[in-house]
2 protein chains.
Amino acid sequence: MKKSAAASRFSVNSATKTHSLHLVHPCDVCDVRPYSACAALNPDEQSRLVDIMTTVEVDAHQPIFDEAERAQHVFNVTEGAVKIYKLLSDGRRQITGFLFPGDFLGLTHNENYAYSAEALTHTKLCRFSRQKLEALLDEMPKLEQRLLGMASHELAAAQDQMILLGRKSAKERVVSFLIMLSNAAVRHGRPDNPVGLPMTRNDMGDYLGLSLETVSRALTQLKTQGLIQLLDERRVRLAKPEAMREIAGGV
Amino acid sequence: MKKSAAASRFSVNSATKTHSLHLVHPCDVCDVRPYSACAALNPDEQSRLVDIMTTVEVDAHQPIFDEAERAQHVFNVTEGAVKIYKLLSDGRRQITGFLFPGDFLGLTHNENYAYSAEALTHTKLCRFSRQKLEALLDEMPKLEQRLLGMASHELAAAQDQMILLGRKSAKERVVSFLIMLSNAAVRHGRPDNPVGLPMTRNDMGDYLGLSLETVSRALTQLKTQGLIQLLDERRVRLAKPEAMREIAGGV
DNA sequence: CGGTCCTTTGACACAGGTCAAGTAATGTGG
DNA sequence: CCACATTACTTGACCTGTGTCAAAGGACCG
C-alpha cells in the first residue's frame, strides 16, 4: 500500500477513493451498525457522505490526533484498534476507551479534540471533514439521529466505566475488561472467545485505573483459579465465562 | 402548591401548564443554554415542545425514576438538585452525576433507563413523553442538534470523571469536585463562591469513588491548609480558588 | 545475537478503607 | 417548646489492597 509522500502521520489511500462505497462497509456513518439501527441512509445520502470522506491508514503506535489539536476531522475505524486517552499535567494517563472497527472518534462540540488518539495496531480509518459533515447534518436528520444514537451508546458505556473505576476491586476490573472485550468482539462480528489483547498491560492499567503490575497479578490469579488460560501474552481464553460474568458484577 | 391526589411520586403542576412558556425559562429543551448555543428554536417550535411537556415536582430524597424502569419520559431540571447513580448487585453505588437547573436526564436509546435518579432537594422538572419527543425530532433538526450538543458535552464530562476516578488522589478528587461545583454554579447563573453542597458526604464519596470518611478528612485537611472555609456543613468558601485549580490538575 | 521492550514476580510502603466512638444537626411527637 | 430519636459528620485506630521499586525472565527485532 503506497504511503503519502508528505510529512503526514497518515497515509491517504487516494487510489481506493473511487471505490470507496464498497470499501467503507464497516463504517458507522455510511452503513448500519447494530446499535445505530434507528436510522438507515438511502443510497443518495450515502454517496454524499462518501464525497466528503477519505480513507487513511496509520501504523501501530502512531498518533491519530492530539488533545491539544484543532478538531478538523472525525474518524471511523474500519480496521485495527485504537486507544483514546487524556493526560494530567504530570503525565498520569487515563485511557478512556479502546476502539475497534465500527467505532467513531473525534466528535466534539469544541474547537479542540477532547482526548488524544493513537493506533494500537496498523489501523484503517474513514476520515471526514468535520466542517463538511456538520453542514450535511442540517440536511440529513437521519444522519444526525445516528450520531445521537452513537453518542448515547457511548455515554452509557462511560457510565459503566465510572462504576468500574469508582467501585470495583482490581480483580473485578480485569474480569469486567475481558468480558467487555469479548462482547465487543461479538458486536464486531468476531468470535467471542478467545479474546485478543491488542494493548499492553500498561495500557490495560491506564484504562482500568490500576498499575501494570496489578493487572499482571490479577491475570495470573485468574489463570491459577482456572477462570482463564493465557494462550500467549496477547490472547486469553475465557474458560468459565459465566463465572466471570458473575464476578464482573452485573454491569 | 397543590399535590396530585394519585399515588404518584410526582406532583403535577397542571395549574401552571397554561403559562408554561413563561415558567420553563431554565429548560434546556425549550430555551437556549450556554453550552447548546448552536441551535435556537423559533417560537412555533417552542410551543410544539411545550404541548408535550408537563411540569412536575419531587420532594427531597424521593426517586424520580429507577434504572430498571421503562424509559417513558425524559426530564429537564428547572429548580433544585438531582443525583443519578448506578448500583452493583451487592449495593455498592456509583453516583455518575449531580444535576442542576438546565441539566437533562433520562435520555437513552434502550427500553429502560440507564441509571436511577433521585431528588437531593425539593426539585421541579419539565417532563416530556419520550415517544412524542422522538416523533418531534424527525421534524425539528435544530432540536436534535441541541440534544447532540448536550450528549457531546456530557460525554466530555464523563471522560473528565474517568481521569478523576482512575488517576487522582483523594485530595485531588475533592478539590476537583469543589471546583466543578463552582463552575456549574456560574454556568447556571449563580455566584461561583461560596459553593453550596446539596448532597451528603456519603453522596460525595459515591461520586468520587471514596469512602465518606475520606471525603470528610480531605475537607478537614483543606480547611487546615487554609484553602477552604466550611461556613457550615453544606456550604464551602473557596479561599484560594487558584491554588485549588492547580491541585485539581489541569482537567 | 545483543538490545529493547514487555511481562512476571517478590518485597515493602502507604493511601485510603473499615470499624468504632463521640458530637452536632435535624426532625418528631408530646 | 422541649425530650428524644435519627441522621449526618468528624475523628481516631487499625488493616488491607494496591502502588512502588527492583530484579529477572521472555519475546521480538534489527
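The structure presented is a predicted model; accordingly, all values stated were derived computationally and were not measured. In what follows, chains are A, B, ... by sequence order, proteins preceding strands, each numbered from 1.
Side-chain to base pairing of A:E213 with D:dC21: one donor and one acceptor N or O lie within less than 3.5 Å of each other.
Within the 4.0 Å cut-off from OP1 or OP2 of C:dG16, not a single side-chain nitrogen or oxygen of B:T214 is found. For the pair A:R234 and C:dC6, the criterion of a side-chain N or O lying under 4.0 Å from OP1 or OP2 is not met. For B:R217 and C:dG16, the shortest distance from a side-chain N or O to OP1 or OP2 is not below 4.0 Å. OP1 or OP2 of D:dT11 has at least one side-chain nitrogen or oxygen of B:T220 nearer than 4.0 Å.
One can place CG of A:L230 at 15 Å from C1' of D:dA27, the figure rounded to the nearest angstrom. Rounded to whole Å, the distance from NZ on A:K168 to C1' on D:dG17 is 18 Å. Atom C1' of nucleotide C:dT8 and atom CG of A:D232 are separated by 15 Å, given to the nearest angstrom. Counting to the nearest Å, the P atom of D:dT20 and the CG atom of A:L212 are 10 Å from each other. Regarding B:R201, its CZ atom lies at a distance of 4 Å from the P atom of D:dT10, rounded to whole Å. When the P atom of C:dG16 is taken as reference, atom CZ of B:R173 falls 7 Å away, rounded to whole Å. Computed from coordinates, the B:K223 NZ to D:dT10 P distance equals 7 Å when rounded to whole Å. Rounded to an integer number of Å, the gap from A:D206 CG to D:dG19 P is 11 Å.
Residue A:E233 places its side chain closer to C:dT7 than to any other of C:dT7, C:dT8, C:dG16.
For the atom pair NZ of A:K86 and OG of A:S116, the computed distance is 8.5 Å after rounding to the nearest 0.5 Å.
B:R127 forms no cation-pi arrangement with B:F75, by the criterion of a distance under 6.0 Å to the ring centre and an angle within 45° of the ring axis.
In this structure, A:R70 places its CZ atom where only 12 or fewer heavy-atom neighbours from other residues, nucleotides or ligands lie under 6.0 Å away.
Among the protein residues, B:T200 comes within range of the sugar-phosphate backbone only, with heavy atoms under 4.0 Å from sugar or phosphate atoms but none that close to a base.
Between A:L219 and B:G209, it is A:L219 whose nearest contact on DNA chain C lies nearer the 5' terminus. Mapping A:R167 and A:S216 onto DNA chain C via the closest heavy atom, the residue that lands nearer the 5' end is A:S216.
Between A:E246 and A:K240, none of the side-chain N atoms (NZ, or NE/NH1/NH2) sits under 4.0 Å from a carboxylate O, so this pair counts as no salt bridge. Residues A:D232 and A:R234 are not paired through a salt bridge, judged by the lack of any N-O separation under 4.0 Å between the basic side chain and the carboxylate.
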